[in-house]
Protein chains: 6
Amino acid sequence: MIYIKRREQFCAAHKLWNDKWDAETNKKVFGKCSNENYHGHNFDLEVTVKGEINPETGFVMNLFDLKNIVREHIIEVVDHKNFNLDIDFMEGKMPTAEVIAMEFWRILAPEITPYKAQLHKIVLAETNNNIIEYYGE
Amino acid sequence: MIYIKRREQFCAAHKLWNDKWDAETNKKVFGKCSNENYHGHNFDLEVTVKGEINPETGFVMNLFDLKNIVREHIIEVVDHKNFNLDIDFMEGKMPTAEVIAMEFWRILAPEITPYKAQLHKIVLAETNNNIIEYYGE
Amino acid sequence: MIYIKRREQFCAAHKLWNDKWDAETNKKVFGKCSNENYHGHNFDLEVTVKGEINPETGFVMNLFDLKNIVREHIIEVVDHKNFNLDIDFMEGKMPTAEVIAMEFWRILAPEITPYKAQLHKIVLAETNNNIIEYYGE
Amino acid sequence: MIYIKRREQFCAAHKLWNDKWDAETNKKVFGKCSNENYHGHNFDLEVTVKGEINPETGFVMNLFDLKNIVREHIIEVVDHKNFNLDIDFMEGKMPTAEVIAMEFWRILAPEITPYKAQLHKIVLAETNNNIIEYYGE
Amino acid sequence: MIYIKRREQFCAAHKLWNDKWDAETNKKVFGKCSNENYHGHNFDLEVTVKGEINPETGFVMNLFDLKNIVREHIIEVVDHKNFNLDIDFMEGKMPTAEVIAMEFWRILAPEITPYKAQLHKIVLAETNNNIIEYYGE
Amino acid sequence: MIYIKRREQFCAAHKLWNDKWDAETNKKVFGKCSNENYHGHNFDLEVTVKGEINPETGFVMNLFDLKNIVREHIIEVVDHKNFNLDIDFMEGKMPTAEVIAMEFWRILAPEITPYKAQLHKIVLAETNNNIIEYYGE
């Protein structure tokens, strides 16, 4: 078993806001992240896949294929977009990095299995100092 | 003459859009950056000041003072905000990194002169790969 | 179960020296790190917490709360200090990065449990190339 | 149990090419990596060792010893070399980052055991965005 | 006048060897870089352009256009190639980072002038620690 | 004219303290940096040299020679040392990063001239966010 990782970056806006609460509670729970007019980040995404090495290629799966999967299914969908307003799969969900990471897992996991490998981990960094990891369970 | 630099980070949203043009022209000129619902970045800001060393302190000016000036006049004003909607000094201006860097110069330069030093350069990085520099002229 | 990480930096001095040994043995075991007058580092600290997502906030725990816990209990105590001379919890202990990481665990773990989450990992990097990880057992 | 990591860098050339296949198949499977005249990278290598702390030194094993092991057995052998042509232990093997990482494990694991510690993980990054991890099984 | 920078990466192989000299002299002058079978790097390229801001767009020139110029004229030509054997514009030239940076200037400068801007600087980093800058004169 | 840079790192301790002032004034001027028992940093040093290219080697000067000069005259002297107590050339001087950078210039400039090149710039970063530049005048 060996692990391969691909890192990609994208830019997006979001705000954290729970409609069930008043403005003051939102401000207290979400702080600056509740700014009405949105704010944004350069998100850093790391996708780790595990599997066995194919003796003919020396690859688990080609990192170019993994790059293309991540770009097609994630980066092209979310780059330069607004998680609250533009992204279908986030509708009705709170756009914290935690929830976004779990949605990315749900989208990417079935794309990896045809390569006889498995999605192992999603890392999503909102800034260099705030980082989320998800292992699918 | 010696140069001292302070680096800070902030998160903000923006979109690039010229009201004089139709949607198609905006899309052609500004690409993904014209997304209607905004997108955002972790901006990296670098402020360089030049001056002579004070023999009693060994400083041009204390980097803690420079940090406080940058935080009070820039970071607290723009962090977790939207450059198109929330920032007074950007009103009526196109929020490209170029224009933002020039506005930051205009705000910071007079704050440095009381320290017998001069603002030398503003560097504003929208991503690791897209970077603006301004020397005030 | 999802994992959230906060990274912080601090500067501190230390030296590695075992009083039971003579200078030559200390020099042989600890190399340059035994320099009598101390030396120092910009330490990079990464704190990982695991838990389940609160459906109302989309958070395991707010990363601002985690930041504040790390700053109050660690950064404010050790930043710009000397691990051999200034830090109560290191008294009588060898200030290697390994031992410091274990002490940080001991201090931080009980601060996390009130948030219905658990401390998962401490990473302490003395330089970019020398890095310690501790999982509490 | 505590984990210590040492990071090192080296530069090397390689190409990916399976002699059993024609040029077109190699191009299709390996893309740009099949360029006939080789290409190269600054590889980033991270070696993690696990063990218990020696109470006299506060170390699992001295990071200087780990540095020396990695430099003697890996860096001095592969730095500024060609994985297809210059490296004995790669003869007859496909020089993907996956296979190189597994060979590094085979070489380093027996060097760590005399220190009453165990090799835990090899990370080999071909670029910042393409990264391999191996845990020895 | 404002300065805009675009950073790109590419991988390539080279060796440093002067045919007028014997092997011993080449080894003495070029060290490990004279390895017969080539070695390689992840080169980091930074292209800085200067000009005045267009009031309609807020840009000196669109950073997407600069990205496309750098990718078309440099990255697609040199990525995953061998500077000694594959690159027409290096024929008969010593492939040090210094000489490569000067050739990149010669290629890129005329591509920038149609945008009413000027090439200002080329930075080429062979590793994080070895870096070349060229200002065209 | 072309510019070449070498980056090196070292660890050292210091404190900022002016004996002519009382403790309160020192605390007010130097803040945490006045901690009695010292604190320390991983300093990042960047040395830039300018000159013309030697047509036989393609080098201004060999970056290996520049590395060796920086290591012999700076790194071996200051690494894992205390700027207030261990370093002869800092005696009687305030160990701010500004003053240290100027002393490094004084030491390195005459070592470069025999290579028919000139020292151009010293950059000394105390942390990622606090950075000093000196051009020798």
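Protein chains get the first letters and strands the later ones, always in sequence-line order, with residue 1 at the start of each.
- For C:K116, the NZ atom counts as loosely surrounded, since its 6.0 Å shell holds 12 or fewer non-hydrogen atoms of other residues, nucleotides or ligands.
- Under the 4.5 Å side-chain criterion, counting only non-hydrogen atoms from C-beta, D:I53 is in contact with C:V99.
- With chain D as partner, the option from C:N18, C:I132, C:N129 having the largest number of non-hydrogen pairs under 4.5 angstrom is C:N129.
- Contacts of C:L16 with chain D are made by side-chain atoms alone, with heavy-atom separations under 4.5 Å and no backbone atom involved.
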TODO: Could you go through the side chain to side chain contact (heavy atoms under 4.5 Å, CB included) check for D:T57 and C:V29 one step at a time?
DONE: CA-CA 8 Å; D:T57 61; C:V29 173; 3.9 Å; yes
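- For D:K28, the NZ atom sits in a loose shell: 12 or fewer heavy atoms of surrounding residues, nucleotides or ligands are nearer than 6.0 Å.
- With sequence neighbours left out, D:Y135 forms a ring pair (Phe, Tyr, Trp, His ring centres under 6.0 Å) with A:Y3, D:H120.
- Proximity to chain C (any heavy atom under 4.5 Å) is shown, for D:I2, by both the backbone and the side chain.
- Counting heavy atoms from C-beta outward, C:E137 and D:M1 have side chains that stay 4.5 Å or more apart.
- Contact annotation for C:E98: both backbone and side-chain heavy atoms come within less than 4.5 Å of a heavy atom of chain D.
- Between atom CG of residue D:L63 and atom SG of residue C:C33 there is a gap of 9.0 Å, rounded to the nearest 0.5 Å.
- Residue contact with chain D, scored on non-hydrogen atoms closer than 4.5 Å, is absent for C:K93.
- A salt bridge links C:K20 to D:E56: one of the charged nitrogens lies within less than 4.0 Å of a carboxylate oxygen.
- When side chains are defined from C-beta on, D:R7 counts as touching C:N128, because their heavy atoms get closer than 4.5 Å.
- Within the 4.5 angstrom heavy-atom criterion, atoms from both the backbone and the side chain of C:N130 approach chain D.
- Neither the backbone nor the side chain of D:E46 comes within less than 4.5 Å of any heavy atom in chain C.
- In this structure, chain C has heavy atoms under 4.5 Å from both the backbone and the side chain of D:F59.
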